[in-house]
Amino acid sequence: MSDTTEHNNRILVTRSSIAPLDEYIEEIRDIWDTHWMTNMGTKHQMLQQELTAYLGVEQLDLFTNGHMSLELSLQALELPKGGEVITTPFTFASTTHAIVRNGLVPVFCDIDPDDFTIDVTQIEQHITEKTVAIMPVHVYGNICNAEGIQRIADKYRLKVIYDAAHAFGEEYEGKGVGTLGDISCFSFHATKVFNTIEGGAACFHDPEMGSRLYDLKNFGIHDPETVATVGANAKMNEFCAAMGLCNLRHVDEEIRKRKRVAERYRSQLEGVPGLQLNAVQKSVKPNYAYFPVIVEENIFGTTRNEIFDALEQEGIGARKYFYPITSAFDCFRGKFDPVETPVALHVSEHVLTLPMYADLALEDVDRICETVMRMQK
Ligand code: T4K
């Protein structure tokens, strides 16, 4: 549902970054000459090249959205139907849905209470003879313990597919986060640090994987008379790729501006009893994608929901990313028990993601913090 009207008057959880209109018009001008609007045109090819370099990955392919990059990546791995994929329920619907829509079974592992990514110490207890893969999430841009995950994957010969939807442009120990695992998938949705309106990418090492992914995103068509495999349609069009080319020129500045917003929040909320801020991770170059706060009502004095309502009254649209956890979704009723991941359940019931975007005015950050602090009892 559109909230355009609200958007003009309220502060929402995020606001898309868009390159200057003139720049976009210039970028799409030649589409009117060529009439080439989709099917891996020039813009698609350029964006693919530029992102491969920017993200420091070996290979990258573009998709219509982050979800299709995840869903088709799992399919490209050709995992046996009914195989179990160890993942976390503290994420957006997409992660779990990608597993289920592939005929695979999500097995939910709990999360680390500090950075909300998969708790590596608990992965092995979920491994059975049916386990085929691990699908961790760099939630809020917090990087998973990739070394620990890879050690387990190597020991049990499991594939690792990272949901890196939130982790655009981040580095771990100087290496692009997209290099982790067998495949890492980014989202370029309008709400992300870098957007192509809608879009996504899968990053991988194995060129064979590239061919399979390409087939899956383009009907398995090799040439007009050869359809080699049964594929879907998940191609990024030229208008989205053009938006990506423009936004990529500004993304470093966007991240710098987000850093200012995050620092302003921290200067006012850090150390407040009962408010847990997102972990600052060592060896990680962050992108400041989200600003989550965990509210412990027994210390702070009011609940997450009361703060959410108070912000609403001030015209501030915070969000409860990610409540409910995916194992508690209506569509999975009776299939999973959310209580089995107590940390994820607790965090989802206490988390508030405060507005975060590059152009958020620092005075607005102050107003948001004042509203939160007024609720302290
Ligand atoms: N994995 C993870 C961990 C993810 O978080 C996501 C997506 C995916 C996979 C899948 O990637 P994609 O297939 O989406 O590429 C939003 C986004 O739609 C979704 O991309 C994102 N995660 C999720 C966390 O957030 P909603 O339903 O909360 O979006 P919505 O429409 O309520 O928008 C939130 C706010 O963003 C609005 O209040 C205002 C602002 N906004 C929104 C739109 C659509 C804009 O400023 N411009 C816009 O065009 O899901």
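Source: prediction; values computed, not measured. Ligands are counted one by one from 1 in listed order, and the atoms in each one are counted from 1 as well.
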Query raised in the report: Looking at K259 and E263, does any basic side-chain N land under 4.0 Å from a carboxylate oxygen?
Result: yes

Requested in this report: With heavy atoms only and a cut-off of under 4.0 Å, state how A165 meets ligand 1: side chain, backbone, both or neither.
Outcome: side chain

Query - Option set F92, Y140, F186, F63, criterion heavy-atom distance to atom 6 (C) of ligand 1, minimum - result: F92

Requested in this report: Specify whether F90 and F322 have parallel, tilted or perpendicular ring planes, treating 30° as the upper limit for parallel and 60° as the lower limit for perpendicular.
Outcome: perpendicular

Query raised in the report: Could an N or O of ligand 1 be found under 3.5 Å from any N or O of Y321, whether backbone or side chain?
Result: yes

Report task. Answer yes if the ring centres of Y54 and F168 are under 6.0 angstrom apart, and no otherwise. Result -> yes

Query raised in the report: Ignoring hydrogens and geometry, is there a side-chain-to-backbone donor-acceptor pair from Q276 to P113 under 3.5 Å?
Result: yes

**Report entry** Per-atom contacts of ligand 1 with H67, taking only distances under 4.0 Å to non-hydrogen atoms
**Finding:** 10 (C), 11 (O), 12 (P), 13 (O)

Query - ligand 1 N/O within reach of G66 N/O, cut-off under 3.5 Å - result: yes

Requested in this report: State whether the shortest distance between N or O atoms of E198 and N or O atoms of ligand 1 falls below 3.5 angstrom.
Outcome: no

Query raised in the report: T14 heavy atoms, cut-off 4.0 Å: which ligand 1 atoms fall inside?
Result: 35 (C), 36 (O), 39 (C), 40 (C), 46 (O)

Query raised in the report: Could a heavy atom of G199 be found less than 4.0 Å from some atom of ligand 1?
Result: yes

Requested in this report: Would you mind listing which atoms of ligand 1 come within a distance below 4.0 Å of any non-hydrogen atom of A190?
Outcome: 48 (C), 49 (O)

Report task. Taking only Lys NZ, Arg NE, NH1 and NH2, and the carboxylate oxygens of Asp or Glu, determine whether E306 and K377 approach each other closer than 4.0 Å. Result -> no

Report task. Please report the shortest heavy-atom distance between K43 and D30, naming the atom on each side. Result -> NZ-OD1, 2.8 Å

**Report entry** Pair Q150-D154, side-chain donor/acceptor within less than 3.5 Å
**Finding:** yes

Report summary line: In short, M37 meets F239 closest at the heavy-atom pair SD-CE1, 3.8 Å

Report summary line: A student comparing T64, V13, L12, D163 should find that the heavy atom closest to atom 35 (C) of ligand 1 comes from V13

Query raised in the report: Is ligand 1 under 4.0 Å from a heavy atom in the side chain of T191, in the backbone, in both, or in neither?
Result: side chain

Report summary line: Under 4.0 Å from one or more heavy atoms of R15, ligand 1 contributes atoms 46 (O)

Report task. Could you say whether the N/O atoms of R319 and ligand 1 ever approach to under 3.5 Å? Result -> yes

Query raised in the report: Are H166 and F116 close enough that their ring centers fall under 6.0 Å?
Result: no

Query raised in the report: So does E363 pair up with R264, basic N to acidic O under 4.0 Å?
Result: no

Report task. Return yes when Y290 approaches ligand 1 closer than 4.0 angstrom through a heavy atom, no otherwise. Result -> yes

Query raised in the report: For T91 and ligand 1, does the shortest N/O to N/O distance drop below 3.5 Å?
Result: no

Query raised in the report: Is R304 positioned over the aromatic face of Y323, cation under 6.0 angstrom from the ring centre and no more than 45 degrees off axis?
Result: yes

Query - From A167, A289, S94, S17 - option closest to atom 8 (C) of ligand 1 by heavy atom - result: S94

Report task. Any atoms of ligand 1 less than 4.0 Å from a non-hydrogen atom of S187? List them with their elements. Result -> 11 (O), 12 (P), 15 (O)

